[in-house]
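What follows is a single structure, written as structure tokens, with notes after it.
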Amino acid sequence: MAVTAPKFREQTLWHPRCFKCTTCDELLVDLTYCVHDDQIYCERHYAEMLKPRCSACDEVGTHPLPS
């Protein structure tokens with residue numbers, strides 16, 4: 001059994017146990033995956049690369065600072 005990832009330019013196959021997030025090692029066989037710089041990420045860690053999470057509330061994006 002092998003996992004294919006159509007989001008990669010070339011046909012690449014993985015063992016199911018090897019198809020995991022580069023950051024957290026979460027298995028992605030039955031989950032949505034993202035690709036950045038030829039690395040595989042879960043949706044959470046891919047989003048964090050684009051917009052960091054707020055340390056206070058853990059939501060993606062920044063909040064205005066109180067004045």
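Note: hydrogens, waters and symmetry copies are ignored here, and every other heavy atom, side chains too, is used.
- Contact check for Thr12 versus Thr4: no side-chain heavy atoms found under the 4.5 Å cut-off.
- Enclosure of atom CG in Asp25 by more than 12 non-hydrogen atoms of other residues, nucleotides or ligands within 6.0 angstrom is indicated.
- Here the options are Tyr41, Phe19, Tyr46, the test is ring pair (Phe, Tyr, Trp, His ring centres under 6.0 Å), and the partner is Tyr33; only Phe19 passes.
- Pro16 approaches Met1 most closely through the heavy-atom pair CD-O, 3.8 Å.
- Placement of Val29 and Trp14 within a single hydrophobic cluster is found when ILVMFWY residues are connected by side-chain heavy-atom separations under 4.5 Å, directly or transitively.
- For the atom pair NE2 (His45) and OG1 (Thr23), the distance works out to 5.0 Å, reported to the nearest 0.5 Å.
- Interatomic distance, Thr22 OG1 to Met49 CE, rounded to the nearest 0.5 Å: 8.0 Å.
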Step-by-step side-chain contact (heavy atoms from CB on, under 4.5 Å) determination, Cys21 to Leu28: CA-CA 7 Å; Cys21 176; Leu28 300 173; 4.3 Å; yes

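- Both Leu31 and Ile40 belong to a common hydrophobic cluster when Ile, Leu, Val, Met, Phe, Trp and Tyr are linked at side-chain heavy-atom distances under 4.5 angstrom.
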